[in-house]
Structure formats: C-alpha cells, structure tokens
Amino acid sequence: MTFIVFDDQKIELSDGQTVLSALLDQGFDIPNSCQAGACQTCMMQVKEGEIPAKAQAGLKDTLKAQGYFLACNCTPQKPLNITACNAAKMRTSAKVVAHDALGTDVMRLRVKPAEPFTYHPGQYLTIWKTETIGRSYSIASVADFDHYVELHIRRVKNGVVSRWLYDNVAVGESIQIQQATGNCFYTHGNPEQNILLAGTGTGLAPLIGVARDALQHDHSGAIHLIHGASTVDDLYMHQTLVKMAQLYSNFYYYACVRKAERVSLPVTGESIQTIMMSVAAVPAQWKVYLCGGPNMVSSLKKAIFLAGASMKNIYSDPFITSHSS
Ligand SMILES: Cc1cc2nc3c(=O)[nH]c(=O)nc-3n(C[C@H](O)[C@H](O)[C@H](O)COP(=O)(O)OP(=O)(O)OC[C@H]3O[C@@H](n4cnc5c(N)ncnc54)[C@H](O)[C@@H]3O)c2cc1C
Ligand code: FES
C-alpha cells in the first residue's frame with residue numbers, strides 16, 4: 001500500500017489501485033475515457049517521485065522527459081506527488097470548416113487548427129468538449145496535401161462527445177483539440193512492401209489516412225484495404241474507395257458486410273478475416289494496420305500473427321471506449 005499527494009491532499013491507494021481510480025473515488029473530476037492507456041485523456045504530471053514505466057508507455061519522449069504519465073495505467077509502489085495537466089499548454093483551438101453526413105450514423109468533421117498542428121495520417125487526436133471531457137478521433141487527412149484535419153465521427157447513442165459534435169457543433173465554430181499521437185501511420189523507406197489495412201466502422205478513418213499517405217508518396221507495393229460494416233449503408237466511403245481502386249493500379253478495396261442482403265460486387269458477405277487471410281496468405285513481409293472495434297482488432301491481430309506476420313509490422317488502434325472493458 002502506498003499514497004499519492006494531489007493538490008496537497010494525501011490519498012491512500014489500495015494494493016494494485018491506479019492513480020486514476022483513487023482520484024475518482026475521492027470525487028476529483030479527472031479527465032478519462034478508455035481507462036486502458038489508449039486515449040491519453042487522463043494524462044497527469046509528476047512533481048516528485050518515480051513513475052512506473054507502464055504509466056508512460058506510448059507517450060512521446062518529450063512528454064516523458066517532463067514527467068507526464070497516464071493515471072489509468074499508473075499503479076505506483078512508492079509515494080508520488082502529482083498535479084493535473086496544464087490543459088492550456090496541451091490544447092489548441094480549431095475552426096470547424098466542414099460538418100457533413102457520410103452515412104446513416106457517421107459524419108465527416110474537418111477542422112483547421114489555429115496553430116501549426118503536426119500529425120501523421122492515421123494517428124488520433126483528442127477533442128475536448130469541456131475542460132475534463134475529451135475523446136479520441138483518428139485522422140483521415142494527409143497533412144502534406146489537405147488544408148484541414150479530417151475526422152470521421154460515429155454517432156453513439158447517448159454519447160456525450162459524439163452527440164455533441166453531431167448536434168451542437170456547426171461550421172464556423174471553434175473546438176478544442178489536443179496534439180496527435182499513436183503509432184498507426186505510414187512509414188517511408190520501404191515503398192515496395194505490401195500493405196494490408198483492415199477495420200470496421202469508423203476504423204476506416206485511420207486506414208484511409210494511411211492508404212492516401214502511401215499512395216501520395218508513390219508507394220509501389222500492393223495496398224489492400226478491407227472495410228467491414230454491418231450493412232451496405234454503413235460502407236460510408238464506398239464510392240470514394242471504388243474510385244481510388246480504379247485510379248491506382250496497386251490499390252485494392254474489399255467491402256465486407258455482415259447483413260449482405262443487398263450485395264453487389266465488389267461488396268462481399270464474407271468475414272473480414274476470411275478476406276484478410278486470402279489476400280495476405282503469406283504475410284511475413286507485409287505491413288499490417290488494424291483499426292476499429294477492440295474485439296475485432298484483437299482477433300485479426302492474432303490471426304495475422306499466427307499466419308506469419310511479424311509483430312513489429314503489425315500496427316493496431318483498437319477504439320477502446322468507456323464501455324469496452
Ligand atoms: C485510439 C482511439 C481512436 C478512436 N477513433 C475514433 C474515430 O475515428 N471515430 C469514432 O467515431 N470514434 C473513435 N474512437 C472512439 C471515441 O473516442 C469515443 O469513445 C466515441 O466517440 C464515444 O464517445 P461518446 O462521448 O460519444 O460516448 P460516451 O459518452 O463515452 O458513451 C456513452 C454510452 O455509450 C456507450 N458506448 C460508447 N462507445 C460505444 C460504442 N462504440 N458502441 C456501443 N456503445 C458505446 C458507453 O458505454 C456509454 O454507455 C476512438 C477511440 C480510441 C481509443
Ligand atoms: S489513457 Fe487513461 S483514460 Fe484513456
């Protein structure tokens with residue numbers, strides 16, 4: 001058992017308890033979303049003490065060096081003196097320049113950050129609705145070619161942030177965003193390598209970002225993109241992807257629909273995994289990107305690894321939400 005000091009208040013931690021859990025138990029309004037080390041909304045800063053390595057996993061070196069850590073992943077063995085993140089330092093405002101429906105429950109949000117905003121297509125940023133309520137969204141635009149940052153937002157029933165973005169945020173307004181992070185992006189230097197991109201729902205956003213980035217930078221290896229959806233109507237970028245496949249001879253698009261009652265080529269009723277295993281039967285040298293629902297990402301990751309893909313070549317972003325665990 002140990003303790004933390006937060007805002008000069010001493011708080012005991014039970015064995016194995018995270019800093020986030022202890023602070024929430026005490027009634028502090030600490031930002032959090034995934035509670036699994038993925039979204040980085042619970043970032044805090046240490047004033048004194050040793051941060052466990054796990055609590056800094058996934059953070060940029062510059063943030064690590066300044067003592068930032070993720071409260072949901074922090075189970076200290078020794079006392080820690082900590083403070084909240086300086087929100088003003090981490091966030092910037094961004095003007096909404098487009099807000100339009102892409103499908104029944106998915107919208108495209110394009111924003112122009114007020115300050116220089118560096119990112120790799122496929123990474124994710126945090127949108128803050130209030131000082132303490134933030135959610136992650138993946139980036140579909142390509143910084144070198146687009147003059148905006150594009151996000152695809154799925155409307156979640158009773159979702160605090162997604163509903164607000166859908167119903168209350170309009171073109172011309174400004175919202176608060178936080179720097180992009182994540183490892184799911186195209187890396188230059190191996191243009192002949194085959195690429196497999198697979199995802200469900202708005203897991204398509206980072207995959208489109210990665211595919212467009214690779215194509216715009218003359219990637220010559222094959223790029224296979226598989227998008228899974230519940231119904232044909234949920235294939236919210238179908239026409240764009242069909243056109244991309246017509247335009248680029250090395251880009252292949254597969255649409256998998258669970259309820260495939262209105263199937264017409266190139267849409268298939270087969271599962272993502274079936275398509276994935278037939279496209280990348282020998283994936284040892286492939287680069288693989290998996291994004292979207294956590295269960296789907298986890299089973300595809302296992303399958304492609306068992307088929308021979310190297311762990312170092314598999315990049316995944318499970319969209320862990322407050323209901324996932
Ligand atoms: C790395 C990362 C990237 C992400 N990228 C995207 C993206 O590009 N596009 C996108 O739309 N989302 C993305 N998400 C999910 C997003 O961050 C939010 O979790 C999502 O928008 C729900 O937030 P909310 O505030 O609307 O709902 P909340 O207020 O958090 O939840 C409201 C209710 O809905 C339930 N709920 C939440 N999510 C779901 C769900 N998916 N299915 C069913 N029930 C749910 C909750 O348990 C709760 O009961 C990403 C998440 C992560 C971790
Ligand atoms: S990283 Fe801690 S709540 Fe998401």
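Below, each value reflects all heavy atoms present in this structure, side chains not excepted, and no hydrogens, waters or symmetry copies. Predicted, not measured: the structure shown is a model, and the values here were computed from it. Atoms within each ligand, like the ligands themselves, are counted from 1 in listed order. All residue numbers refer to positions in the sequence shown, counting from 1.
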>> For Phe3, does the six-membered ring have the charged nitrogen or CZ of Lys10 within the cation-pi criterion, i.e. under 6.0 angstrom from the centroid and within 45° of the normal?
In response: yes

> Do side-chain atoms of Ser21 reach the backbone of Gln17 as a donor and acceptor pair under 3.5 angstrom?
Replying inline: no

> Just heavy atoms, cut-off under 4.0 Å: does Cys34 contact ligand 1 by side chain, backbone, both, or neither?
Replying inline: neither

> Purely on distance, is any nitrogen or oxygen of Arg154 under 3.5 Å from one on ligand 1?
Replying inline: yes

> Could you go step by step and tell me if His152 and Tyr236 meet the ring-ring contact (aromatic ring centres under 6.0 Å, His included) rule?
Replying inline: CA-CA 10 Å; His152 300 165; Tyr236 66 88; 5.3 Å; yes

> Aromatic rings Tyr252 and His224: how do their planes relate, parallel, tilted or perpendicular, breaks at 30° and 60°?
Replying inline: parallel

>> Checking the N or O distance criterion of under 3.5 Å, is ligand 1 in contact with Arg163?
In response: no

> Going by distance only, is there an N or O of Thr202 that falls short of 3.5 Å from an N or O of ligand 1?
Replying inline: yes

>> Using a 4.0 Å cutoff against the non-hydrogen atoms of Ile153, which atoms of ligand 1 qualify?
In response: 11 (O)

> So which protein N/O/S atoms does atom 2 (Fe) of ligand 2 have within less than 2.8 Å?
Replying inline: Cys42 SG, Cys72 SG

>> Are any of the N/O atoms on Tyr124, whether in the backbone or the side chain, positioned under 3.5 angstrom from an N/O atom of ligand 1?
In response: no

> Do Arg154 and Asp105 meet the salt-bridge criterion of a basic N to acidic O distance under 4.0 Å?
Replying inline: no

>> At less than 4.0 angstrom from any non-hydrogen atom of Val161, what atoms of ligand 1 do you find?
In response: 24 (P), 25 (O), 26 (O)

> Considering Asn158, Leu109, Asp105, which one's heavy-atom position lies nearest to atom 32 (C) of ligand 1?
Replying inline: Asn158

> Could you go step by step and tell me if Val210 and Leu225 meet the side chain to side chain contact (heavy atoms under 4.5 Å, CB included) rule?
Replying inline: CA-CA 10 Å; Val210 172; Leu225 188 152; over 6 Å; no

>> Does atom CG (Asn190) have a neighbourhood of more than 12 heavy atoms from anything else shown, all under 6.0 Å?
In response: yes

> What orientation do Phe117 and Tyr119 show, parallel under 30°, tilted 30 to 60°, or perpendicular over 60°?
Replying inline: tilted

>> Can you classify the ring geometry of Phe28 versus Phe6 as parallel (below 30°), tilted (30 to 60°) or perpendicular (above 60°)?
In response: perpendicular

>> I'd like to check which ligand 1 atoms, numbered from 1 as shown, lie under 4.0 Å from a non-hydrogen atom of Val160.
In response: 24 (P), 25 (O), 26 (O), 27 (O), 28 (P), 29 (O)

> Relative to each other, are the rings of His120 and Phe185 parallel, tilted or perpendicular (30° and 60° limits)?
Replying inline: parallel

>> Please classify the Val156 to ligand 1 contact at 4.0 Å (heavy-atom distances, strictly less than): side chain, backbone, both or neither.
In response: side chain

>> In this structure, does ligand 1 have an atom that sits under 4.0 Å from one of the heavy atoms of Arg155?
In response: no

> In ligand 1, which numbered atoms sit nearer than 4.0 Å to a non-hydrogen atom of Ser138?
Replying inline: 3 (C), 4 (C), 5 (N), 6 (C), 7 (C), 8 (O)

> Relative to the ring of His217, is the ring of Phe145 parallel (under 30°), tilted (30 to 60°) or perpendicular (over 60°)?
Replying inline: perpendicular

> Hey, what do you get for OG (Ser220) to CD (Gln193), rounding to the nearest 0.5 Å?
Replying inline: 10.5 Å

